[in-house]
Protein chains: 2
Amino acid sequence: MNRTNGGTAGRTAGGAAGVTAGVNLLALRSHNTALVLDLLRTAGPAGISRLELAERTGLTPQAVSKITARLREEGLAAEAGRRASTGGKPRTVLRLVPEAGHAVGVHLDRDELLVVLTELDGRVVGERTVWLDLGAGAEAVVGTVVREVDGVVDELLKGGAGGGAESAGDAGRAAGARGAPTLLGVGVALPGPLDHIHGVLHRVTGFPEWDGYPLRDTLARRLGVPVVVDKDTNAAALGLAVLGERGSFAYLHLGTGLGAGLVIGGSVHRGTRTGAGEFGHQVVQLDGPLCSCGNRGCVEALCLAAIDRGDVPGAARVLGIAAANLAGLLDIDLLLLGGRTIAATPAPFVHGVTTVLIEHARREGAHEVAVPVRLATGGTRVVAEGAAQLLLGPVFGRADG
Amino acid sequence: MNRTNGGTAGRTAGGAAGVTAGVNLLALRSHNTALVLDLLRTAGPAGISRLELAERTGLTPQAVSKITARLREEGLAAEAGRRASTGGKPRTVLRLVPEAGHAVGVHLDRDELLVVLTELDGRVVGERTVWLDLGAGAEAVVGTVVREVDGVVDELLKGGAGGGAESAGDAGRAAGARGAPTLLGVGVALPGPLDHIHGVLHRVTGFPEWDGYPLRDTLARRLGVPVVVDKDTNAAALGLAVLGERGSFAYLHLGTGLGAGLVIGGSVHRGTRTGAGEFGHQVVQLDGPLCSCGNRGCVEALCLAAIDRGDVPGAARVLGIAAANLAGLLDIDLLLLGGRTIAATPAPFVHGVTTVLIEHARREGAHEVAVPVRLATGGTRVVAEGAAQLLLGPVFGRADG
DNA sequence: GCACTTTGGCAACAGCGTTGCGAAAGTAGA
DNA sequence: TCTACTTTCGCAACGCTGTTGCCAAAGTGC
């Protein structure tokens, strides 16, 4: 696994702003291999033929054969039957071998911890949920995360031998020489602004003790595997992107707060300081009511106030207007709604936001099509699954998911 | 020139949403060549040494030597003196040969036509301005554009032989076998929403006769060279990006209307239907005053109304709030202000917008740094220069500028 | 059973960046 | 002025990539 692709091989050391880097033959191979893996993943258990891979990648059939031969040797791909003949030799179908790699996704919420173990294709094969108080202090929370992650990994990747706490820190010993299960790493998603690049929390609203906490490095040291942290909305958007949403879309999350995850051209847009997606504190009413952030007229404040007084259509309308602002600015394909408040009464929200966007499109021009609005699928696990994708993504050529 | 890089070689035919494509050796060479050319362009007349190129690209010095040797053979690069020695053989400095390629940029405004001819490095070597009425009908306007473009090209690329109109359509014969000047194509920037991919106008506010006009194909047929069309704000943003603004930024244009051009990670973000950057009709006041678009409370309406009543600080504040919404959503590095209205009284606008953003940042957190606000440089030609970059960009590895 | 179509691997090949090495072009010191 | 050293940079051989030409394998249709 480790040599399948050289990680982000070929990336030049310097370039902070990720300007551009030269591509050598190693990077070329990594890219094409990841591309083929990605198509295999997308095809799912149904599989995909070599010639179809060639068409989709633009590579020659022979090149695809070479790549898939290597993947089969490494155990990442396998043959899976054949298609019906069209007058000649039938195409052999290839599929991803999901068990060849694993990733852990952690959804660290204000009052709950959800840990999932997924295979290469993103399918969840293990899950744990425990109650937890984010305000209980960094040490306690990190301890709980380490214990639960190790628990899931020990149980499902190491044959379930032995007990719990004493194996803490051993999670990383998976990448053995033999066909041992390989753990790519752990992705952690949590609320609030944070520095995705350095893995440091800025602040978690309501819990000042987390300010500046180096969560990624702490967890990586104690778990012994690579760790990536990200905002919960970004993880959710990433999870939805892998679950089938293509192109560019925004995931709007309405729960205790209002935030967004942006997927542009298939990958999460985080912005320069990885703070993008601050949707809730968009001002839509000049000199409006005071928001918790200190500003006036934020969508979040207006939306939550409407919900507090039982005015769901009003909340939906405000949300729709902010969504239309976003859609006009970025010209995206789709809006997805999610979060506890949406889940409580989904229909009026979808309807209300849709209505605003249709009106908006009508004013833009006769042949203008409104951006479709849908409920985010995937249920309560989507954030944790997306967190796992933070590790799985690079295998399939996605920069950070 | 034509064989320097195979254009966007290697791009698979199908993939509408530009998903991902396989990379073959030809594409690899194109990429690395474009990368080196881009660094040569950035270095300007001062030049850059081979070893520096190697460091910046991550390629080995020998690979850079091969690439630059090819570029020198093709006349795109040349030696330009040497640096001071640091104890051994001094580094040879290479520079771009700007005269090896040309592009035309056209700024088609409501009442004026500006045509520039630029060299590879973006420097303007010829310029024409004529008054023109966008409402005079498509045929008349297109005729004027063709005449002026041909005029500039004939005068400066073909030795200025002969007259004007009869050579219309000959502009494309430049790419001769000998060292004849090579015209890459013509970029056209104009106001109003349009389809960048297909080169078709949606509508130009106030001029319904342009609805659905296939401007790109019409011009390409009559000029005989590749033509690319884009919104004026996108062209301006592109021009500013080449003029030195790095990273991600938004260009906010306040003139007869209010629009934005978004540069994310060095390239223009246009969105799925190339309609991104609709900044002016962002709603910032629920149920506010009616806007020309039919909606209520758009920034554009509020901003222009404030200006109409002489309240520049008020206009700046409203603009600042909308800019803060944008900056929070995308997490960009920089905001640039431009357009006639800004140019009339720049200081209060920069000050007003800056103030709003600083207040916003202060509320976000103590160590939060506000997004800097600056006046867009480049003067009145920046849109036309950016339009030329629509053709120059691909030479340097930029997808569409 | 034969002709035909289609798949996909083997072998030779061209072209990319890489490595090893040496000539070229300077500086620093005797 | 000569020698030793440093640094740049091109030539040649190399490994590895995707590509091309060719042919065996595995089906269908008559």
Side-chain angles (χ1 to χ4, degrees), chain A residues 3-6 9-12 20-36 47-73 77-94, chain B residues 3-6 9-12 21-36 47-74 77-94:
Chain A
R3 285 173 320 182
T4 297
N5 63 350
R11 177 183 289 178
T12 319
T20 28
V23 176
N24 56 20
L25 291 166
L26 205 99
L28 178 138
R29 182 174 75 165
S30 297
H31 176 90
N32 288 342
T33 303
L35 201 59
V36 168
I48 184 171
S49 72
R50 287 179 181 80
L51 285 175
E52 216 173 326
L53 286 170
E55 283 170 26
R56 301 275 285 271
T57 55
L59 299 171
T60 59
Q62 189 59 20
V64 170
S65 273
K66 281 190 181 178
I67 293 169
T68 54
R70 208 163 47 220
L71 289 176
R72 284 194 299 159
E73 239 177 68
E79 299 201 338
R82 30 188 63 180
R83 288 223 200 290
S85 167
T86 61
K89 176 173 176 178
R91 300 183 174 183
T92 312
V93 172
L94 299 169
Chain B
R3 286 174 320 184
T4 298
N5 62 348
R11 176 182 291 178
T12 320
V23 177
N24 57 21
L25 292 165
L26 204 101
L28 178 137
R29 183 175 73 167
S30 297
H31 175 91
N32 287 343
T33 304
L35 201 60
V36 169
I48 184 171
S49 72
R50 286 180 183 77
L51 285 175
E52 215 172 327
L53 286 170
E55 284 169 25
R56 300 274 284 271
T57 56
L59 299 171
T60 59
Q62 188 58 19
V64 170
S65 273
K66 282 191 180 179
I67 292 169
T68 54
R70 210 164 44 221
L71 289 175
R72 282 195 299 160
E73 239 176 67
E74 291 170 354
E79 299 202 338
R82 30 189 61 181
R83 291 225 197 290
S85 167
T86 60
K89 177 175 176 177
R91 301 183 174 184
T92 312
V93 171
L94 300 169

Whole angstroms only, please: what is the [atom1]-[atom2] distance between [X] and [N]?
| X | N | atom1 | atom2 | value |
| --- | --- | --- | --- | --- |
| B/L26 | C/dC13 | CG | P | 21 Å |
| A/R91 | C/dT5 | CZ | P | 16 Å |
| B/L59 | D/dC9 | CG | C1' | 16 Å |
| B/I67 | C/dG15 | CD1 | P | 16 Å |
| B/R70 | C/dG15 | CZ | P | 11 Å |
| A/E52 | C/dT6 | CD | C1' | 15 Å |

(request) Answer with base, sugar-phosphate or nothing: what part of the nucleic acid does B/S49 contact at a heavy-atom distance below 4.0 Å? (result)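 It contacts nothing in the nucleic acid.
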(request) Given side chain to side chain contact (heavy atoms under 4.5 Å, CB included), test A/R82 with A/V93 step by step and report yes or no. (result) CA-CA 5 Å; A/R82 30 188 63 180; A/V93 172; 5.5 Å; no
(request) Using only side-chain N and O atoms of B/T60, determine if any of them is under 4.0 Å from OP1 or OP2 of C/dG17. (result) no
(message) I want to confirm an ordering. Mapping A/L28 and A/T86 to their closest nucleotides on DNA chain D, which one lands closer to the 5' end?
(response)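 Between the two, 5'-proximity favours A/L28.
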Among the nucleotides [options], which one has an atom lying closest to any side-chain atom of [X]?
| X | options | value |
| --- | --- | --- |
| B/K66 | D/dG18, C/dT18, C/dA24 | C/dT18 |
| B/L25 | C/dT7, D/dC9, C/dC16 | C/dC16 |
| B/P90 | D/dG18, D/dT17, C/dG26 | C/dG26 |
| A/S65 | C/dG8, D/dT19, D/dG15 | C/dG8 |
| A/L51 | D/dT19, C/dG8, C/dG15 | C/dG8 |
| A/R29 | D/dA25, D/dT17, C/dG17 | D/dT17 |
| B/R82 | C/dG26, D/dT19, C/dG9 | C/dG26 |
| A/R50 | D/dA26, C/dG9, D/dT17 | C/dG9 |

(request) State which residue, out of B/I48, B/L51, B/T86, fulfils the side chain to side chain contact (heavy atoms under 4.5 Å, CB included) condition with B/R91. (result) B/L51
(message) Here's a test for you: under side chain to side chain contact (heavy atoms under 4.5 Å, CB included), which of A/V23, A/T57, A/N32 qualifies with B/V23?
(response) A/N32
(request) Between B/K89 and B/N32, just flag the one whose closest nucleotide in DNA chain C comes earlier from the 5' side. (result) B/N32
(request) Starting from the 5' end of DNA chain C, give me the residue, A/R72 or B/P61, whose nearest nucleotide shows up first. (result)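 Taking each residue's closest nucleotide, the earlier one in sequence belongs to A/R72.
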(request) For B/N24 and A/L59, indicate whether the former's side chain and the latter's backbone hold a donor-acceptor pair under 3.5 Å. (result)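 Flag not set: sc B/N24 to bb A/L59 has no pair under 3.5 Å.
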(message) Check this for me: does the side-chain of A/Q62 come within 3.5 Å of the base of C/dC10 through a donor and an acceptor?
(response) yes
